[in-house]
Amino acid sequence: MSAAADQRTGRRPTPGLRRAIGFALRAAIMLALEAVALVAITALLPTPDALSFEAAVLVVIVMALINAVLWPLITRLALPLTIVTFGLGSLVLSAGTVALAFYVVDGKTPSFWVDLAIAFTLAVVTTLVAPLLDLDGDPLHLRVVRRRVRGRTHAQRSDVPGVIMFEIDGLGEGVLREAVRDGYAPTIARWLADGSHRLQAWECDLSSQTGASQAGLLLGSNWDMPAFRWYEKESGRTLVSNHPADAAEIERRHAAHDGLLAGGGTSRGNMFSGGAPRCTATMSVIRDRSRSRAADLFAYFADPYGFMRTIVLSLADISAERRAARRQRRSGAPHVHRSRAYALIRATITVVMRDVITALLMADVVEGVPVSYATFVGYDEVAHHSGIREPDALAVLKRHDRQLARLERATAESPRPYYLVVLSDHGQTQGAPFRQRYGETLEEVVRGALAEGGVFAPAAIDEAWGDVGAVLADASQESSVGGRALARATRSRSVEGTVALGPNREALAERGASAGAAEHQQVVVLASGCLGLIYLPAGTGRLSAEQITASHPRLLDTLAAHPGVGFVMVRSEHQGALVIGGAGRRRLADDTVEGQDPLAQFDASAAEHLRRHDRFPHCPDILVNSMYDPQANEVAPFEEFMGSHGGLGGPQTRPFAVLPAAWSDPRSPIVGVEAMHAALRAWLTDSQHA
């Protein structure tokens, strides 16, 4: 029955019909605007004939039909090219779409470069206008998703609420509050203002980084994870949280604990699976083909508008990164090197992976998945290089917030109600790197204090390059034409179950020889943000302070007295765990202090975090925390970061959770990720039984 008939009979169109009519009207406006843009661009470019508005409308319609019918098949065959070229190869495919549309309408086509310019211009116009018309790619993508899930029995309607957990990696509670106040998180601000959600502070563990935090949140335990990477004397190898083989081993060690996502959940873009039977771009299960569903990555590219939008936004992000880097260099303020290659990997993380994971979450919502957990690493990545409150980091945060609005709209298409939860795994603390402040690295300080022997400091695996390499490795294992082609394209870069890109090629190659290299050195030094780990490979157990001093009399005193070091922790044969500073020491067994308390500048919970750390079997012989200046609220990270985490000091240990107001208040402050895991499990259980 028509809308007019509904009016005559007194009945109003259903909400679904009203949404369809509204979408049709907005799509017609978009078509007209694209036709106007096409007329303008063909008038400016060297095309054989001027294009009328009517002909432009026909070209746009034919392009839409080609995209709807042929694009999924084309992208299946050509996807390896688009992924390996970080999406730029799809511009060539879009140019072909333009050429074919012109041929159908006019019997001739412009040159390739004109086709390419037209494809790019239309993508820019669509990217700019679609959000204003509330299109933003959602209806097209959701239509693809609905086709994919139609007929699945587990997509049946339910009154039991589902839960989407949206993690913003590295965002501290304090920065979020400022962002809400200053307009960088309008969706979250609206939720808090209308009372649908509340902001819950909590405290993560030492070490304050994604590996340990996500193991606790998703697996229920982060025991014996002293840093993002650590050395194990008994095997002579270094474990790295975001290396697929190591992540699988870490998850295996914690398999006795119940995963947060077990029983039908999905894991999207995380380090660990949380027991989810369906995972995408999840480090720990990339080689588990029974659970890792890289086909979901391929499905994203079936939406031509969404993919072209992602490319346009990626190019805009590359430009924004280069401007931000120049602005920081010219300011004369402390900064870290940001190469052109970094601009490319940043766009891949902050735009491509963000859009892909958002699309996967939208698919979960439309399908009615009971619980899903996804990590968005863009803010963390940019804040490392820019700073935690720099404009380009906050701009990335604002775009994360925009994805929440898209997910909120997608819940209208879901067969069940949904709770949307936003949380972080840790924060970051601002501060110029140790090397810039003091003219030497932690490795060089250690080397200068040794009585004899050398230092082995294995190159760090860059987190951003590692994330992208792991996603490529995941997609290349799919038993499809695209997966096999991608496997061939990346075969020369495949190392230990991942794809080595950028600086990680050297770092991963070094891993194979690291065990032998470490055995022939006196000391192994690892940096994890503002946390340093020092191992003396002699023997298989942890060396005491007395043994360390006997071998290297100057080492502990040199480290403790350095202005860039806040404290060191060692284990004494007679006094147990000791925290040593430049002017005093603290015995953790009874908190007796001699001289000045080395933990005086840190939070009151610092001693308890260190006591737990000291019990780890793989706690380093010497644990080093960088200095912390509470007045400036700064640390001096041992890695080349402007915003850092991993240790103690400042907001790096203070993440947040934006929770539905319907969820109960915790009975006590949430301290530690295992406590947060227990709270999330209780809230999920309450939601299912409400």
Any side-chain heavy atom of [X] within less than 4.5 Å of one from [Y]?
X      : Y      : value
Asp317 : Arg399 : yes
Val658 : Leu176 : yes
Thr42  : Phe102 : yes
Leu171 : His400 : no
Glu367 : Arg416 : no
Thr266 : Leu261 : no
Arg340 : Arg322 : yes
Val377 : Met353 : no

Hey, is the main chain of [Y] close enough, under 3.5 Å, to the side chain of [X] for a donor-acceptor pair?
X      : Y      : answer
Thr282 : Thr280 : yes
Asp392 : Ala320 : no
Ser414 : Val365 : yes
Thr109 : Ala99  : no

Give, for atom [atom1] of [X] and atom [atom2] of [Y], the distance between the pair rounded to the nearest 0.5 Å.
X      : Y      : atom1 : atom2 : result
Ile357 : Asn270 : CD1   : CG    : 7.5 Å
Leu344 : Ser339 : CG    : OG    : 9.5 Å
Leu100 : Asp115 : CG    : CG    : 10.5 Å
Arg389 : Asp182 : CZ    : CG    : 10.5 Å
Arg346 : Ile318 : CZ    : CD1   : 10.0 Å
Asn242 : Ser284 : CG    : OG    : 12.0 Å

Can Arg291 and Ser273 be said to form a side chain to side chain donor-acceptor pair (under 3.5 Å), step by step? CA-CA 9 Å; Arg291 290 201 289 159; Ser273 74; 3.1 Å; yes
Would you call the rings of Phe641 and His384 parallel, tilted or perpendicular, where under 30° means parallel and over 60° means perpendicular? parallel
Relative to each other, are the rings of Phe166 and Phe376 parallel, tilted or perpendicular (30° and 60° limits)? parallel
I'd like to know whether Glu321 forms a side chain to side chain contact (heavy atoms under 4.5 Å, CB included) with Thr350, so could you lay out the CA-CA distance, the side-chain angles of the two residues, the decisive distance to 0.1 Å, and finally the verdict. CA-CA 11 Å; Glu321 159 57 24; Thr350 61; over 6 Å; no
Val36/Phe53 under side chain to side chain contact (heavy atoms under 4.5 Å, CB included): CA gap, chis, key distance, verdict: CA-CA 7 Å; Val36 171; Phe53 177 76; 3.9 Å; yes
Could you walk me through whether Glu390 and Arg327 pass the salt bridge (Lys or Arg N to Asp or Glu O under 4.0 Å) test, one step at a time? CA-CA 11 Å; Glu390 288 299 301; Arg327 183 174 62 248; 5.5 Å; no
Checking Val352, Val351, Val356 against Arg354 for side-chain contact (heavy atoms from CB on, under 4.5 Å), the one that qualifies is Val351
Closest heavy-atom contact between [X] and [Y]?
X      : Y      : answer
Val39  : Ala56  : CG2-CB, 3.6 Å
Val180 : Ala189 : CG1-CB, 3.7 Å
Pro415 : Gly368 : CG-CA, 3.7 Å
Phe272 : Ser267 : O-OG, 3.6 Å
Val468 : Ile345 : CG2-CD1, 3.5 Å
Ala464 : Glu381 : CB-OE1, 3.3 Å

Leu394: which residues meet the side-chain contact (heavy atoms from CB on, under 4.5 Å) condition with it, sequence neighbours left out? Val175, Tyr184, Leu397
Walk me through whether Arg268 and Arg278 qualify under side chain to side chain contact (heavy atoms under 4.5 Å, CB included). CA-CA 9 Å; Arg268 309 300 194 186; Arg278 294 168 55 196; 3.9 Å; yes
May I ask you to check whether Arg338 and Ser386 show a side-chain donor-acceptor distance below 3.5 Å? yes
Applying side chain to side chain contact (heavy atoms under 4.5 Å, CB included) to Val421 and Val163, what does each step give before you reach the verdict? CA-CA 7 Å; Val421 177; Val163 178; 3.9 Å; yes
Can you list the steps and then say if His385 with Tyr342 is a side chain to side chain donor-acceptor pair (under 3.5 Å)? CA-CA 10 Å; His385 291 80; Tyr342 168 70; 3.3 Å; yes
